Trainee: 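Before I ask anything, let me first share the structure, which is written out below as structure tokens.
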2 protein chains.
Amino acid sequence: MAKKVKAELDLTTEQKIKEAASRVFTKKGYGNARTRDIAEEAGINLALLNYYFRSKEKLFDIIMAERIEKLFGVLAPLLYDEGTTLEEKLQNITDNYITMLTEHPDLPIFVLSEIRNNPDKLADRLQARKHMTQSVFVRQLMEKRKDISPFHFLMNLLGMALFPFIAKPVLQPIIGSENNYNAMMEQRRVLIPKWIKMMLEEV
Amino acid sequence: MAKKVKAELDLTTEQKIKEAASRVFTKKGYGNARTRDIAEEAGINLALLNYYFRSKEKLFDIIMAERIEKLFGVLAPLLYDEGTTLEEKLQNITDNYITMLTEHPDLPIFVLSEIRNNPDKLADRLQARKHMTQSVFVRQLMEKRKDISPFHFLMNLLGMALFPFIAKPVLQPIIGSENNYNAMMEQRRVLIPKWIKMMLEEV
DNA sequence: AAATTATTTAATCAAATGATTAATTATTTT
DNA sequence: AAAATAATTAATCATTTGATTAAATAATTT
């Protein structure tokens, strides 16, 4: 294997293809993405894509694994932290989730629509079962509020954080500039943990 | 135009194609749907699809308009009802939204991912601007809680109602049977309006 | 430097796919 | 019933698209 000696800043061909594939797949989805789009985006010959990754599907599988890791990788450790209180976790999870979504706003719709196309293949990868049944966070939720399933609060937290991002193409033009929208997300960083705390109090 | 005289229960060919197209497009998305899939699903010859609708894209546009109407048609009138209080609206909106989503669980991801593929063409259709700026509901939210943008509460309501449905492929296997999942949604019908009410109270 | 191996390209293939055509059957109008 | 119009079908076309091939170039090893 003859690894090219490239200038530090240059990416290897393999990396260029992966990054182009990540952009194109995320933006258009598997079915709407053309291998020619990816090759052009990467600035390489189409045949190279197959030379390095054998097929569109194999390339996609690699990209998808990385994107899912991006979507949940930051979150998972927070859920299992024994050293933080429930309140701290609410703040940390909200914070990290909104940060990640701000950096990768098109990730949720991409992952969700690919799961729709291939539930069996992808749904497992998220390890949602483990997080739901074994995480410290869920345990703490149950201790705090015994009469309501912790799933509800988890859904609320994720739903409130996620919604503005998946609805962004619809809402952004109404709310105004990109900056305006981001300002609203900054408010939600503070508000969402407060709201969840309110829900957790007995009535 | 010679409309066929069919038995009452039979659908016209045009209707059969539309219903098949609705199923196939919603399940797979525009890019992954094949006109042959639609023809087979409708039990008709492929050429008939073009005979009635000229092209895949024109057929899609018709289906999409109907699906968007389904997604927001029930909601819009509730937002403008002068005869209900804010509390009643919270209950009505949640109730109707969850009912609609239960009947059409794959609708949100379909609409959102098509908007991603074609924001300019689709985002306007939802008339979100009008609902956000002129609805009685938003006005009532502003009167109740002057220090927080009504957008936040709208996002929270929709996010909390929507999330369980878009995450269903991931969460359903964990929570258990379809019945279990539906039971949880029934709980949320009652809980979500309560939670929003709590958020609306001054701290 | 020669030989070997790795990388890259242009050209091409084969299958999939949206769309059309020309002929056939069914329905409606005259 | 004959003529005209509408609906339906099988066959086919033209493009698109994922993938391959054979040849050329670049890098590495001997």
Side-chain angles (χ1 to χ4, degrees), chain A residues 1-64 110 113-114 117-118 121, chain B residues 1-64 110 113-114 117-118 121:
Chain A
M1 213 154 356
K3 268 282 158 60
K4 255 183 153 176
V5 182
K6 290 216 170 196
E8 302 282 289
L9 293 174
D10 265 323
L11 298 165
T12 64
T13 302
E14 196 176 333
Q15 266 303 316
K16 279 196 289 185
I17 296 172
K18 277 176 71 171
E19 298 196 1
S22 189
R23 285 193 294 274
V24 174
F25 279 138
T26 304
K27 186 174 167 213
K28 305 179 148 195
Y30 182 82
N32 289 303
R34 305 284 156 246
T35 51
R36 280 165 176 80
D37 301 339
I38 296 171
E40 192 184 3
E41 175 96 6
I44 53 108
N45 185 289
L46 170 60
L48 271 183
L49 188 149
N50 292 291
Y51 176 75
Y52 278 100
F53 297 96
R54 294 282 303 162
S55 73
K56 180 187 180 186
E57 197 182 351
K58 288 209 174 67
L59 174 57
F60 177 79
D61 288 344
I62 291 168
I63 300 301
M64 178 53 96
F110 168 66
S113 64
E114 294 304 332
N117 295 339
N118 229 324
K121 190 175 176 181
Chain B
M1 206 141 19
K3 269 282 159 60
K4 256 177 141 180
V5 182
K6 291 217 164 192
E8 303 282 291
L9 293 176
D10 264 323
L11 298 166
T12 64
T13 302
E14 197 176 332
Q15 266 304 315
K16 278 195 290 185
I17 296 172
K18 277 176 71 172
E19 297 197 0
S22 190
R23 285 194 294 276
V24 174
F25 280 137
T26 304
K27 186 173 167 213
K28 304 180 149 197
Y30 181 82
N32 289 304
R34 305 285 155 241
T35 51
R36 280 165 175 80
D37 300 341
I38 297 171
E40 192 184 4
E41 174 95 9
I44 53 108
N45 185 289
L46 170 60
L48 271 183
L49 188 150
N50 293 292
Y51 176 76
Y52 279 100
F53 296 97
R54 294 282 301 160
S55 74
K56 180 188 179 184
E57 198 182 350
K58 288 209 174 69
L59 173 58
F60 177 78
D61 289 345
I62 291 167
I63 299 302
M64 179 51 96
F110 167 66
S113 65
E114 295 304 331
N117 294 340
N118 229 323
K121 192 174 175 182

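Given the structure is predicted, the values throughout are model-derived calculations rather than measurements. In what follows, chains are A, B, ... by sequence order, proteins preceding strands, each numbered from 1. Computed over heavy atoms, backbone and side chain alike; hydrogens, waters and symmetry mates excluded.
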Trainee: Separation of B:Ile38 atom CD1 from C:dT17 atom P, in whole Å?
Mentor: 12 Å

Trainee: Nearest whole angstrom, please: distance from the P of D:dG18 to the CZ of A:Arg54.
Mentor: 16 Å

Trainee: Quick check for you: among C:dG18, D:dA6, D:dT20, whose closest atom lies nearest to any side-chain atom of B:Arg34?
Mentor: C:dG18

Trainee: Could you grab the distance from atom NZ of A:Lys58 to atom CG of A:Asn50, nearest 0.5 Å is fine?
Mentor: 10.0 Å

Trainee: Using a 4.0 Å heavy-atom cut-off, does A:Leu46 contact any base of the nucleic acid, only the sugar-phosphate backbone, or nothing at all?
Mentor: base

Trainee: Roughly, in whole Å, what's the span from CZ in A:Phe60 to C1' in D:dA19?
Mentor: 19 Å

Trainee: Check whether any side-chain nitrogen or oxygen of B:Asn50 sits under 4.0 Å from OP1 or OP2 of C:dA19, and answer yes or no.
Mentor: yes

Trainee: State plainly whether the residues A:Glu41 and A:Lys27 are in salt-bridge range, i.e. N to O under 4.0 Å.
Mentor: no

Trainee: Calculate the interatomic distance between A:Ile44 atom CD1 and D:dA26 atom P; express it in whole Å.
Mentor: 18 Å

Trainee: Can you measure B:Tyr51 atom OH to C:dA26 atom C1' for me and round it to whole angstrom units?
Mentor: 11 Å

Trainee: Quick one: on DNA chain D, does B:Arg36 or A:Ser55 contact a more 5' nucleotide (nearest heavy atom)?
Mentor: B:Arg36

Trainee: Out of D:dG18, D:dT8, C:dT21, which nucleotide sits closest to the side chain of B:Ala47?
Mentor: C:dT21

Trainee: Within the 4.0 Å heavy-atom criterion, would you say A:Tyr52 contacts the bases, only the backbone, or no part of the nucleic acid?
Mentor: sugar-phosphate

Trainee: Given side chains that start at C-beta, do those of B:Met64 and B:Phe25 come closer than 4.5 Å, heavy atoms only?
Mentor: no

Trainee: Nearest whole angstrom, please: distance from the C1' of C:dA19 to the CG of B:Leu48.
Mentor: 13 Å

Trainee: Is B:Thr13 near enough to D:dA7 that one of its side-chain N or O atoms lies under 4.0 angstrom from OP1 or OP2?
Mentor: no

Trainee: With a 4.0 Å cut-off on heavy atoms, is A:Ala39 in touch with a base, just the backbone sugar-phosphate, or nothing at all?
Mentor: nothing

Trainee: Given atom CG of A:Asn32 and atom P of D:dT16, what is their separation to the nearest angstrom?
Mentor: 16 Å

Trainee: Please name the pair of heavy atoms, one in B:Ala21 and one in B:Leu59, separated by the smallest distance, quoted to 0.1 Å.
Mentor: CB-CD2, 3.8 Å

Trainee: Do B:Ile17 and B:Phe53 come within less than 4.5 Å of each other through their side chains, counting heavy atoms only?
Mentor: yes

Trainee: From CD1 of A:Ile17 over to C1' of C:dT8, roughly how many Å is that when rounded to an integer?
Mentor: 11 Å

